Amino acid sequence: ELANPTAEAPGKGYIVPNVDLPPLCSSRFRPGPPGEQAQAASQFIADVIESSEVIKTEDLCIDRGKLCWVLYCDIMCLDYDGNILDACIIALLAALKNTQLPEVVVNKETPSPEVDLEKRQRLHIHKHPVGASFCVFDDSILIVDPTAEEESLSTAHLTVVTDEEDRLCSVHKPGGTPLSGEKLQECINRATTRQREIHKLIDKVLDSVKTSQ
């Protein structure tokens, strides 16, 4: 939607991610306001957007200090079986790459925006972040892409986010047993390999969608 930029960032738009874990996806979640896991996931996605610079919020500015785009990224889980963070990042990246914003012109005489739905422009994706999540067992065994059962039995969780330039965007480890430097490096190496694979898959799917249209 269209909104006014903040006074602190007059030349930037917003991206507002929200992860929803409804009772529909698992019996572990209850109706009502977002639980702790959903709030943590939403904050994690917001941090990844900022640290990876997947898109620059300056690109969402239409008229400096007056008008900008707000992108609401609502990610709803339909079937929860662990590793929600990786799935959220993939869904977010695919959605952003598929987004087309209509052209907006601000009328000089009447300061109201004029939206042209016929002319649309794709978002400029600067980076392609992909997450790789791990579970740690017995302080030494690593499990990649853990299920919900594996997550419940593990002693620590770790999510590593990298982009196509092998740049480390984020490392998320909410407590648990400590990891050695060697184990952490192994996770980062696996994450960079996974990034290339997922990036190719997303592009392949989006190309097929464009072809079918």
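From a predicted model like this one, the values you see are computed outputs, not experimental measurements.
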Check: What's the verdict on side chain to side chain contact (heavy atoms under 4.5 Å, CB included) for Leu158 and Leu179, showing C-alpha distance, side-chain angles and the deciding distance?
Finding: CA-CA 9 Å; Leu158 175 72; Leu179 269 183; 3.6 Å; yes

List the atom of [X], the atom of [Y], and the distance in Å for their closest heavy-atom pair.
X      : Y      : result
Pro17  : Ile49  : CG-CD1, 4.1 Å
Ile55  : His126 : CA-CD2, 3.9 Å
Tyr80  : Ala148 : CE2-CB, 4.1 Å
Pro22  : Cys77  : CD-O, 3.5 Å
Asp138 : Thr155 : N-OG1, 4.1 Å
Gly175 : Lys173 : O-NZ, 2.8 Å

Taking the side chain as everything from C-beta on, heavy atoms only, tell me whether [X] gets closer than 4.5 Å to [Y].
X      : Y      : value
Val104 : Leu67  : yes
Phe134 : Glu186 : no
Arg194 : Asp86  : yes
Lys12  : Leu60  : no
Leu93  : Ile125 : yes
Gln39  : Pro34  : yes
Ile141 : Val136 : no
Leu71  : Tyr14  : no

Output yes when a side-chain donor or acceptor of [X] lies under 3.5 Å from a complementary backbone atom of [Y], and no otherwise.
X      : Y      : value
Thr193 : Asn189 : yes
Ser42  : Val19  : yes
Arg28  : Cys25  : no
His124 : Asp59  : no
Ser26  : Phe29  : no
Glu151 : Asn83  : yes
Gln195 : Pro129 : no

Shared hydrophobic cluster, [X] / [Y] (ILVMFWY, side-chain heavy atoms < 4.5 Å):
X      : Y      : result
Val54  : Leu101 : yes
Leu85  : Ile188 : no
Val115 : Leu123 : yes
Leu92  : Leu201 : yes
Val144 : Ile84  : no

Check: Going through the checks in order, is the side chain to side chain contact (heavy atoms under 4.5 Å, CB included) test met by Cys88 and Phe44?
Finding: CA-CA 10 Å; Cys88 286; Phe44 171 77; over 6 Å; no

Pairing of [X] and [Y] as salt bridge, 4.0 angstrom limit:
X      : Y      : result
Asp203 : Lys97  : yes
Asp166 : Arg196 : yes
Glu53  : Lys56  : yes

Nearest-0.5 Å distance, [atom1] of residue [X] to [atom2] of residue [Y]:
X      : Y      : atom1 : atom2 : answer
Lys66  : Ile62  : NZ    : CD1   : 13.0 Å
Glu150 : Asp145 : CD    : CG    : 8.5 Å
Cys61  : Glu58  : SG    : CD    : 9.0 Å
Glu103 : Lys119 : CD    : NZ    : 5.0 Å
Cys187 : Glu182 : SG    : CD    : 11.5 Å
Ile89  : Ile75  : CD1   : CD1   : 9.0 Å

Next item on the list: State, without any angle test, whether Thr159 and Ser133 hold a side-chain donor-acceptor pair at a distance under 3.5 Å.
Entry: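 Result is yes, a qualifying pair exists.
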
Item checked: Asp81 and Thr147 side chains, donor-acceptor separation under 3.5 Å ->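 Judged by distance alone, the side chains do not pair up.
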
Next item on the list: Count the heavy atoms of every other residue, nucleotide or ligand shown that sit under 6.0 Å from CD of Gln37, and state whether that count exceeds 12.
Entry: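 More than 12 within 6.0 Å, yes.
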
Next item on the list: Would you indicate whether Gln121, at its atom CD, is surrounded by more than 12 heavy atoms from other residues, nucleotides or ligands within a distance under 6.0 Å?
Entry: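 Count not over threshold, so no.
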
Next item on the list: Take the angle between the ring planes of His199 and His128 and call it parallel below 30°, perpendicular above 60°, tilted in between.
Entry: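 Answer is parallel, since the angle falls under 30°.
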
Next item on the list: Under the side chain to side chain contact (heavy atoms under 4.5 Å, CB included) rule, what do Val70 and Leu2 come out as? Steps first, then yes or no, please.
Entry: CA-CA 6 Å; Val70 181; Leu2 296 171; over 6 Å; no

Next item on the list: I would like to know whether Asn4 and Cys68 meet side chain to side chain contact (heavy atoms under 4.5 Å, CB included); could you show each step before the answer?
Entry: CA-CA 6 Å; Asn4 297 320; Cys68 69; over 6 Å; no

Next item on the list: Kindly write out the residues that satisfy salt bridge (charged side-chain N to carboxylate O under 4.0 Å, His left out) with Arg167, not counting sequence neighbours, or none if the list is empty.
Entry: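 For Arg167 the salt bridge (charged side-chain N to carboxylate O under 4.0 Å, His left out) partners, ignoring immediate neighbours, are Asp163.
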
